[in-house]
Amino acid sequence: MPIWYFRMPTMVFGEDSLFHLKSLDERRFVIVTDRVIVSTPLLTLLKENLPEGSDYFLFSRIGVEPDFTEMSSEMESIREFNPDCFIALGGGSVIDTAKVLLFSYARPDKSLYELTPLDYLGIKEKAKLVAIPTTSGTGSECTWAAVVSEREGKVRRKLELASTEILPDYAILDPAMVISLPQSQTVSTGVDAISHAIEAYASAWKNPFSDAMAEKALSLISSNLLDVLSNPLNVEKRNLVHMGASMAGIAFSNSQIGLAHALGHALGADFHISHGNAVGLYLPKVVAFNNRNCTARYRHLNNIFQKSDRKRSLALTLESYFSEIGQPLFINETRVPVEEYTNKLESLMDLTMESTGMLTNPREASSRDVRRLLRSVVRRKQSAH
Amino acid sequence: MPLFPSEEWVKEFIEKVNENADYEDSARTWEGDITFVVQKDKEFDGNAYIHLDLFHGKCRGGEFQMNGEPPQSAFQYIGPYENWIRLINQEIDPIQGVLIGKFKLKGSMMKIMRYTRAAKELVNTANRVKTTFG
């Protein structure tokens, strides 16, 4: 095994963990959030926990997908404010936006394309980053990656940016931030977290540290998510799923994602579908495709699911579990127009092939394999017989 | 068995690249030349340059050069001789190699990150050349 690293933020978790903000040495905060959260009590709660004598600048111009042009619009005002800490309050899009804003603030001389893990950028010399997730799934609070959209001609591409320097300093997992998460988001982000754990555990860059996080993450999520869906106000179960989701984030941040994410990113770039739903759509098919290269590992993961949820293979367990929680298994069950999807198979294949998830998938996939997987989620019409 | 690095090795490597359907598939939209820079270390005296003209999944040509100025190219993949041995023997992944500082990459990082599988296939190809190390 060659030299490798295991990176994660300082984790602050449990009830009232937002209180940790009061102990920060920083005083000039950029609070990054979205247009929905800005009108909820979550923002008020955060502001009440800022240290004495601090000042903040509110950045809330984030739509469903973080778009680089949109997020650059207030950069000048942020520079004038001269912050020493960025606080992200929101889901994956918000946290990813905060990472990119921090980079742009620290390195105005660099273009977005220069946010890569291959250079030292000195980002943290300028400001810290605190991530407070309001969903349980994206894991972005624990990763050194950020996904933002960019349009190149007619093609909308999701840029998978990464640098260890955008890893948050603190990830605060306060269950109060997720207790009122809507059912559909609980499902899509829960599926996303399950996908992180499974892809991290099978990744070509897996390691014993990421394995430990992936196993525990899958255990916490798979055994508590159904209870959360039937009783959304159960704080204890919410808390366990919330921690599991972050563990899955830590796992994949240290061993990388795989083909289901590569396919999901391509689909999400071209169509309006939540990230978790997009990745979850392909995950059972990708697991079936990969199975011959990681049979023992998938068997082990399958055994982590509770006996009542377990089928004879991980792919079948996932199909059954996803059906039960309301995760679509076919394009026909989503809002993506099937005909448009099938017309765009070639461009979806090209985008998938460009994803870094292709590199670490346990089984190498050719463009033909990718095309077949893209087709596999289109339900064939039933014959008249 | 050709010695790495040498003109004979480059010739055989190019032949293998052009036979590799997986490389052709993963690099079918790639345009740009790359230079492999083999740096001097205790086992290898001097700097060697392997310049490859890669276009749409094929290698259109290549040159081997010992010492002097490196050839002009869009990308350079740079590392000491000892690390090249480990890379060719597939003990180091080409992208992980850069992340852990065993290799350096010059050129558009963003472009390379979109062709990580092609980079891996180039290394797989190098592994298929029956190589002698000095």
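Because the structure is a prediction, the values reported are computed rather than measured. So that the names make sense, note that chain A is the first sequence line, chain B the second, and so on, each numbered from 1.
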Part of Leu112(A) within contact of chain B (heavy atom distance under 4.5 Å)
neither
Enclosure of Phe209(A) CZ (heavy-atom neighbours >12, cutoff 6.0 Å)
no
Side chain from CB out, backbone as N, CA, C, O: work out which of these in Thr116(A) comes under 4.5 Å of a heavy atom of chain B, or both, or neither.
side chain
Do Lys120(B) and Glu364(A) come close enough that some side-chain heavy atom pair is under 4.5 Å?
yes
Just checking heavy atoms, which of residues 61-94 of chain B are less than 4.5 Å from chain A?
Arg86(B), Glu91(B), Asp93(B)
Side-chain heavy-atom pair Lys102(B), Ile3(A) within 4.5 angstrom cut-off:
yes
I want to check something: taking the side chain as every heavy atom from C-beta on, are Ile95(B) and Trp205(A) in contact at a cut-off of under 4.5 Å?
yes
Hey, could you give me the CD/OG distance between Glu354(A) and Ser26(B), rounded to the nearest 0.5 Å?
12.0 Å
Under 4.5 Å from any heavy atom of chain B, what part of Ser355(A) do you find: side chain, backbone, both or neither?
backbone
Any idea which of Ala204(A), Pro117(A), Ser367(A) has the most non-hydrogen atom pairs under 4.5 angstrom with chain B?
Ser367(A)
Atom CD of residue position Gln96(B) - does it have more than 12 heavy atoms of other residues, nucleotides or ligands inside 6.0 Å?
yes
Calculate, to the nearest 0.5 Å, the distance between atoms CZ and CE belonging to Arg114(B) and Met358(A) respectively.
14.5 Å
Do Arg28(B) and Asp350(A) meet the salt-bridge criterion of a basic N to acidic O distance under 4.0 Å?
yes
Under 6.0 Å from the CG atom of Asp45(B), do we count more than 12 heavy atoms belonging to anything else shown?
no
Roughly how far, to the nearest 0.5 Å, is OG of Ser366(A) from CG of Asp25(B)?
5.5 Å
Above 12 or not: heavy atoms from other molecules or residues under 6.0 Å from NZ of Lys124(A)?
yes
Need one label for Glu121(B): side chain, backbone, both or neither, based on atoms under 4.5 Å from any heavy atom in chain A.
side chain
Measuring only between side-chain heavy atoms, which start at C-beta, is Tyr5(A) closer than 4.5 Å to Leu99(B)?
no
Heavy-atom proximity to chain B below 4.5 Å, by part of Ala262(A)
neither
